[in-house]
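First comes the structure, then the notes that go with it.
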Amino acid sequence: MTDQWWRDAVVYQIYPRSFADGNGDGMGDLPGITARLDALAELGIDAVWLSPFYVSPQADAGYDVADYRDIDPRFGSLADFDALAERAHALGLRVIVDLVPNHSSDEHGWFQQALAAGAGTPERGRYVFRDGKGDNGNEPPNNWQSLFGGAAWERSTDPDGTPGQWYLHLFDVKQPDFDWTNHEVREMFHDVLRFWLDRGVDGFRVDVAHALIKADGLPDAPESSVADPAPYEQEIESEAGDRGPMWDQDGVHEIYRDWNKILGEYPGDRMMVAEAWVSPPSRLARYVRPDEMQQSFNFDFLTARWNGPALRAVIDSSLRAVESVGAPATWVMSNHDVIRHASRLALPGDEARPGGIGADDPQPDAVLGLRRARAATALMLALPGSAYVYQGEELGLPEHTTLPDEAREDPTWERSGHTERGRDGCRVPIPWEADAPSLGFGNTSGTWLPQPAAYRTLARDQQRGDPSSMLEFYRRALRLRRELQLGKGRITWQETDPAILAIEIETAAGSVTVIVNLSDERLEVDDLAAGEVILHSAGPSADQRSLGSDEAVWVRR
Ligand code: GLC
């Protein structure tokens with residue numbers, strides 16, 4: 001029996017393009033990350049997850065992989081990866097890498113061979129090629145839409161220059177979907193898993209884990225599940241029976257059972273976390289049955305509205321679902337695909353969240369957003385299970401909402417015909433030192449996406465040592481979470497005003513009450529819990545025994 005470190009781990013997501021630039025070319029890289037790992041150890045996290053750094057033409061920021069077993073020269077070399085993993089392990093941090101199995105880049109050797117080999121060949125069998133419908137096969141084989149906008153099919157050109165078969169791409173046209181019924185595809189990924197396990201990685205974050213198997217015969221999708229242009233915020237709301245022929249098919253689980261066996265062949269305690277935008281929680285729990293993956297991101301929590309009943313309902317249903325299969329919950333509020341929560345939680349109105357924000361859109365209230373982000377952190381880091389922190393949230397970074405449209409790189413912006421801004425606003429290089437070039441991101445003034453003026457005062461060196469800062473708030477919360485073993489706790493709700501969350505947490509190391517005030521009234525801590533206030537989301541100089549709207553406390557009983 002191993003220690004199953006991931007059950008209550010706090011995992012920090014590094015987005016390599018935007019974490020730290022070691023060579024001054026304006027884009028982050030692996031040596032840059034290695035040189036900054038001490039700051040993460042000091043923060044108090046347990047593991048890092050790195051978004052893709054593999055060889056890639058970067059049509060989707062590296063989620064379009066041309067070689068799964070090598071590092072893109074933009075990010076460094078395999079030796080740089082080994083140095084990163086060694087340094088992380090020396091600091092006591094586990095390393096999780098991103099695995100992108102649903103699709104490759106169109107520049108992957110296999111896809112190039114498939115194009116050259118022609119219809120009906122084994123080379124084509126590794127991807128989803130089909131004849132078109134209509135006259136001369138002019139129409140796509142079905143009505144599926146790309147998540148980035150437009151049709152999910154592209155017509156290929158035969159070697160003799162004539163229009164040929166169509167291939168499926170649920171994402172960009174440069175991201176052809178693999179055919180996971182093909183045994184060569186399965187074997188290739190078994191080798192890829194072993195390649196990284198042999199290099200010492202502790203786990204994998206599995207990209208679009210719910211998409212690998214498509215319904216037999218590739219039937220048309222019902223209107224309601226034809227992908228929405230803002231998928232990362234909305235797809236999750238579809239009902240189980242209505243999930244569409246490309247999502248959450250039962251056949252995916254066999255793949256993860258095979259992978260679980262491979263991880264089991266390795267010493268230590270390796271893990272997988274599913275990126276699966278699947279709801280309700282009972283369907284999502286199927287990915288974390290004992291012989292499949294260890295975790296799946298809780299996107300119901302990420303997309304929950306900022307109000308008491310909604311949050312309570314999602315916490316309860318998530319815990320019930322994972323407990324039914326013996327897995328830990330996995331809380332997350334931000335990542336590289338969604339609007340940073342310090343902005344998202346303060347968007348005007350309660351309408352569906354947009355897929356990106358532009359300068360001419362209604363702007364979020366920065367002060368309100370930061371206050372809510374601090375309260376949300378106090379809530380998330382107290383909950384039992386594991387938590388994921390996206391780089392920069394510990395600095396309270398807002399979304400870059402006024403990025404010039406010419407600077408945008410997310411394919412969503414072009415593919416949606418400039419109707420969806422896309423995800424660039426959460427991917428901007430992060431600030432380290434207020435007075436250095438590119439705010440300390442790298443030794444350069446030009447960064448691949450421009451940094452907003454607001455990032456200067458939020459630079460890490462401005463916050464470090466300031467007890468009222470977001471950074472010190474995260475450090476304190478993470479230290480207390482560890483000391484009090486909150487990730488291993490059991491929770492009970494105190495019945496109170498539905499706009500107030502009052503959660504009693506029992507662990508082997510103590511008893512804590514977490515109070516989040518989502519009402520419009522100021523609250524007195526003494527009315528809800530007796531004991532010492534050990535964490536206040538408004539910081540140490542606020543009146544510790546009272547909470548304004550959108551504030552939270554931890555009380556040790
Ligand atoms: C996942 C990634 C996202 C990427 C997509 C296609 O959702 O998180 O960034 O665009 O998969 O690989």
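Treat the numbers as computed from the prediction; the structure is a model and nothing was measured. Numbering of ligands and ligand atoms starts at 1, following listing order.
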Ligand-residue contact atoms, ligand 1 with Arg427, heavy atoms, under 4.0 Å: 9 (O)
Contact check, Phe148 vs ligand 1, heavy-atom distance below 4.0 Å: yes
From the candidates Asp207, Val100, Leu170, the one that places a heavy atom nearest atom 1 (C) of ligand 1: Asp207
Close approach, His169 and ligand 1, non-hydrogen under 4.0 angstrom: no
Audit row: Glu399, Arg421, salt bridge (charged side-chain N to carboxylate O under 4.0 Å, His left out) steps and yes/no: CA-CA 12 Å; Glu399 183 85 355; Arg421 250 49 189 243; over 6 Å; no
Shortest non-hydrogen contact between Trp5 and Ala47, atoms and distance: CZ3-CB, 3.9 Å
Where ligand 1 meets His103 - atom numbers and elements under 4.0 angstrom, heavy-atom basis: 6 (C), 12 (O)
Interfacing atoms of ligand 1 (cut-off 4.0 Å, heavy-atom, Asp60): 4 (C), 5 (C), 6 (C), 10 (O), 12 (O)
Between Tyr127 and His108, ring centroids under 6.0 Å: no
Those atoms of ligand 1 less than 4.0 Å from some heavy atom in Arg205: 2 (C), 8 (O)
For Arg423, the ligand 1 atoms whose distance to one of its heavy atoms is below 4.0 Å: 3 (C), 4 (C), 9 (O), 10 (O)
From CA spacing to verdict: salt bridge (charged side-chain N to carboxylate O under 4.0 Å, His left out), Asp250, Arg283: CA-CA 10 Å; Asp250 290 342; Arg283 280 302 291 189; 3.0 Å; yes
N or O contact, Glu275 vs ligand 1, cut-off under 3.5 Å: yes
Side chain to side chain, Trp166 and Glu154, heavy atoms closer than 4.5 Å: no
Check: Leu395 and Pro431 side chains under 4.5 Å, non-hydrogen atoms: yes
Pi-cation contact, Trp432 with Arg460 (under 6.0 Å, within 45°): yes
Proximal ligand 1 atoms for His336, defined as those under 4.0 Å from one of its heavy atoms: 2 (C), 3 (C), 8 (O), 9 (O)
